[in-house]
Amino acid sequence: MTHLDDVAPGSASRLAPRSWLHSDAPTHSLDGPWRFRLLPEAPLDDEARVPEVADPELDDADWDELPVPSHWVLHGHGSPIYTNLQYPFPIDPPHVPDENPTGEYRRTVVVPASFRSGARVVLRFDGVDGLATVWLNGVELGWTTGSRLATEFDVTDALVEGANALAVRVNQWSAASYLEDQDQWWMPGIFRSVTLQSRPAAALDDVDLRASYDHATGAGRLDLDVVGAFPVTLRVPALGVDVTWATPADVAPVDLPAVEPWSAEVPRLYDATVASPGETVSLRVGFRTVHIVGDSFEVNGRRVTFRGVNRHESHPVRGRVFDEAEARADLELMKRAHVNAIRTAHYPPHPRLLDLADEYGFWVVLECDLETHGFWDVEWRGNPSDEPAWCDAYLDRIARTVERDKNHPSIVMWSLGNESGTGRNLAAMATWLHGRDATRPVHYEGDLAGEYTDVYSRMYPTLEEIASVCGEPATTIHETEGAQGARQRQKPFVLCEYGHAMGNGPGSFADYEAAVDRWPSLHGGFVWEWRDHGIATRTPDGTPYFAYGGDFGEVVHDGQFVMDGLLLSDGTPTPALAEFAAVITPVRVRLLDAARLVTVENRRHTASTDDVEVRWQLEHDGHVVASGVLDVPTLTAQSTATVEVPEEARAAGDAATVREAHLTVTAVTRHDLPWAGAGHVLGRDQALVASRPAARTRASGAWSGDTLGALTFDARGALTSWHGLPVAGPRLELWRAPTDNDRGAGQGSYELAEPELTHGRGAEETPPSAERWVERGLHRLVHRVLSVCRSDHGLEQRVRVSAAHTGTGVDVTFRWTATADGVLLRTEAVPFGPWDCTWPRVGARFDLPLSLASSPVDWLGTGPAESYADSAAAARVGRFTSSVDGLSVEYARPQETGHRPGLRSLTLGGPGGVAASAGGPVLSVTTVPDGAGHRCGFQLARHTAQQVALAAHPHELPEPTALHLYLDDAQHGLGSRACGPDVLPRHALWPSARAWEVVLA
């Protein structure tokens, strides 16, 4: 019998869902090698016979071997499919195609001797992606769906002495697939553990231990519900709790006069045990109480701000198979980046992750395994969320979510699912949940009218929309009518997704954090997302790369949209993570009053600053000349102090030798922590305390043939050599390799209209910035020299720059002047014609010998990583060194990377380089600030922006032939438009007359 078109969640033989418990009852892992074969479609079994896969006598010696847990598509059996909202099969609910990859698993099970004293034996599956049907010794145990949810079967009567034949058939597609259209890879298989569990005669089948905290008195309370045998004993040794109840009717709350509360910052856990005559389970108890008070979401009586990330389970080799060591490393990296919250997008994670969240301290929004996003493309017609036939499946999913994970203090909110429209079945889930667990609110972003959820949640709102929701003037908010908007405004406001971290970006973290600071009802949010989902793959010639949608020949796919994390697929942090960390800093330090004062703001929820030290450091032209520790009083959570900066911290130094003095104030940890060593940075600010630009050097030196200083020019005024090395340039550039955000249509365009006026309209009306740049030919500019004029000490070259079949362009003047410090280049760019779009960049490109790529790059300026107009909080001025390749980030799709504005000086070809080892020259660039102190930035890479823009993967870039140095007066911001808002107007680069100066020596 097939259940492929059955909208029921599974067979009646499945056991009731229960907690994932740490028990002393015997268990036997069935992880390891299984026999496996892949069929192209689900077989039609004869209902009168045992299916072939389930036949204990079947000879499966010629089957393949597949590890459990795993995804079969990552082991050479078929291929993964990536979609964001598209279904990879016709939208014909509840039906699925006959072409249905079906994996059949078999293994022999011998029940351990330790099970002999048990009354029952349970078979548990923690996660099977697809519809799973299970047989033991030819007897069908049942079937189940819900890929990221646990299922148990009682196998007591089906077991025999000795060898037992266990068989599982997994159909990739079924009616349940319509409920699992999450933005991720479709990867079928038994991907979480399979376990036999002995259930003692007097077992504890379920435990629900709730630990609440009274912030007014400091008292705690334990409430226990048990399913199982009595008497039951609760012990919490650290609190002196040792209580035994003889019958269920005797169970009563345990009141405690004083406990230490649990929070994401101070995750105090108490070891507890609950014991029946036949079984003892261990729990880690955290006392905390969640309340919504008006529009304030509070834990332990204090408002919570979520500075969080959306986290999928993803690994480039294992897929969603859990590895605890790597999970710990991920959570420790989150803690170091000041992330305090996780939304489990879009399903319950491996249960062990929640143990770790309790231990390390995170606010967790635990999301149900539910998404029907593909119905959006058919205007939600037939959406299961509002079809009564699917109600049992919806209720089954939320029950299995809640019952498995209910004992975790880190979970402060339940989420019904993601992007499933709205309807009666979601409302039924919320009704059930409110009745089942009154200790946690209910979240679901799709409840736009606010009919059945407790918080108002939005994805990627503009700042204008946030202001409308939280303040004045109040306008109609997203897709609501009449009183609906008023109802939503009365609730805590959460951004369940914002800051789409796809490729280079996102921009405007600081702008959104400022909104959180301004509006009390805005409780922060969750960046999309933690990690890229690339799959480790090789080209036919063996070149490794990380694959995304379309790389496996999918019929429908959503391309690189799966590569949208703060970490690259291999776990390498991107500059966006450092930017996010700098913005959400838990201890904010700010220099004020010309750096005479510093404010220290404890932005934590719970912890004081008794573990924090505030240090200062004075640098002259990037060299540390003095440092110390500020005397800052200990601050309680959410309090601020202002202290004076000592005079020696602002000493400007000798005016004859020091051009700039910078003061940096840093809040750091005093002691080692489980996730970071002492001295870990919690907050930083930097101020320029003195600036003395060198007096402009008079022209000096004269031509020697075609050579001016260290530079040689041709008759057309083009640079041909620098210290004897062949070079080319300068060449005006307006193009950058588009970022994923440049290519996205997202939430409208500030270039064309206010975003709220364009939201929801297609890319035809508000096309991506990159498309507009291409239409105007910014990637294919041509150059015409208008004139070349020589003087005794220099050269002036005038160039007209434009693109074919356009009436717009830029008139550029390059003025070269020999000085005592080198050759001064002043670049002036004046646009002409009716420009109607932003520029990606405005700068000059120089092509240098590729041999210099082996030399270190040293610079004084902003760093250490790339930064842009709307992503600069992590940047500071200092002295930095990098390899050429280390200046760029290898994003999954090649794009703009490596821009560092505010350059002071740059040297290339120093110690260790090929040129230096051969006695070759060192090239140097020194910038000259304009009247406002602005300096150009730099970028150095092996490929031009045009070459980078044409490649879909890093390995597709051509063999480099030169190094390309860009000296950019400015670049366009990053924005979040791959999915969210456009670059804000104040961070956009609009055509205007520009001028910048550098000295080449």
Side-chain angles (χ1 to χ4, degrees), residues 621-622 659-660 691-701 707-713 717-723 725 727-734 791 793-799 801 810 812-830 841-848 852 857-863 867 877 879-880 887 898-910 921-941 963-971 993-1001:
D621 295 329
R659 292 190 176 184
E660 289 185 330
S691 176
R692 304 186 188 93
R696 184 172 297 278
T697 305
R698 292 184 178 182
S700 64
T707 301
L708 188 68
L711 310 179
T712 302
F713 298 82
L719 182 62
T720 59
S721 74
W722 185 356
H723 279 302
L725 297 176
V727 300
R731 177 186 180 92
L732 182 80
E733 281 284 8
L734 302 179
S791 66
H793 304 290
L795 170 75
E796 179 182 283
Q797 182 196 47
R798 295 177 57 242
V799 182
V801 181
V810 182
V812 186
T813 302
F814 298 110
R815 290 193 176 91
W816 301 89
T817 306
T819 74
D821 298 323
V823 181
L824 173 70
L825 169 61
R826 177 177 174 84
T827 304
E828 298 173 355
V830 180
R841 71 168 0 126
V842 56
R845 188 186 98 199
F846 297 80
D847 299 336
L848 311 177
L852 290 171
V857 183
D858 299 293
W859 76 98
L860 171 60
T862 61
S867 60
V877 175
R879 290 187 178 271
F880 306 98
L887 293 170
H899 174 61
R900 288 165 173 82
L903 176 66
R904 274 69 173 173
S905 62
L906 168 73
T907 60
L908 179 63
V922 173
L923 310 185
S924 73
V925 178
T926 303
T927 63
V928 180
D930 65 14
H934 173 75
R935 301 171 186 261
C936 72
F938 85 99
Q939 185 179 53
L940 186 64
L963 274 188
H964 307 284
L965 173 64
Y966 291 84
L967 297 176
D968 289 327
D969 189 56
Q971 276 215 27
R994 321 281 301 199
W996 63 99
E997 295 182 331
V998 298
V999 176
L1000 307 186

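- Side-chain contact between V727 and F846: absent, with no pair of heavy atoms (C-beta onward) separated by less than 4.5 Å.
- Side-chain contact of S905 with T926: a donor-acceptor pair under 3.5 Å is absent, judged by distance alone.
- In terms of the salt bridge (charged side-chain N to carboxylate O under 4.0 Å, His left out) criterion, residue partners of R841 (sequence neighbours excluded) are, by chain and number, D968.
- Side-chain atoms of H793 come within 3.5 Å of backbone atoms of G701 as a donor-acceptor pair (strictly under, hydrogens ignored).
- In terms of heavy atoms, E733 sits closest to Y966 at CG-CE2, 3.7 Å.
- H899 is linked by a side-chain hydrogen bond (donor to acceptor under 3.5 Å, both in side chains) to nothing, counting only residues two or more places apart in sequence or in another chain.
- Residues V925 and F938 have side chains not in contact (no heavy-atom distance under 4.5 Å, counting atoms from C-beta outward).
- With hydrogens and angles ignored, the 3.5 Å screen pairs no side-chain donor or acceptor of T712 with any backbone N or O of T720.
- The closest side-chain heavy-atom distance from L908 to L965 is not below 4.5 Å.
- Note that CZ of R900 and SG of C936 are 14.5 Å apart. Values are rounded to the nearest 0.5 Å.
- Only one option out of D969, T827, V810 pairs with V842 in a side-chain contact (heavy atoms from CB on, under 4.5 Å); it is D969.
- Evaluation of the salt bridge (charged side-chain N to carboxylate O under 4.0 Å, His left out) rule for D621 yields no partner, not counting sequence neighbours.
- When side chains are defined from C-beta on, V799 does not count as touching L732, because their heavy atoms never get closer than 4.5 Å.
- L708 and G794 make their closest contact through CD2-CA, 3.8 Å (heavy atoms, listed as atom of the first residue, atom of the second, distance).
- Residues forming a side-chain hydrogen bond (donor to acceptor under 3.5 Å, both in side chains) with S691 (at least two apart in sequence, or on another chain): none.
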Open item on the list: Apply side-chain contact (heavy atoms from CB on, under 4.5 Å) to residues W996 and T927 and explain how you reach the verdict.
Closed with: CA-CA 8 Å; W996 63 99; T927 63; over 6 Å; no
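- Considering every non-hydrogen atom in both L825 and P730, the closest pair reads CD2-CG, 4.4 Å.
- Judged as a side-chain hydrogen bond (donor to acceptor under 3.5 Å, both in side chains), and not counting sequence neighbours, T813 has no contacts.
- Looking at S700, its side chain does come within 3.5 Å of a backbone N or O of A820 through a donor-acceptor pair.
- Going from atom CZ of R826 over to atom CZ of F814 covers 13.0 Å, rounded to the nearest 0.5 Å.
- For E796, the side-chain hydrogen bond (donor to acceptor under 3.5 Å, both in side chains) test picks out R815, with sequence neighbours left out.
- Rounded to the nearest 0.5 Å, atoms CG (L887) and CG (L940) are 6.0 Å apart.
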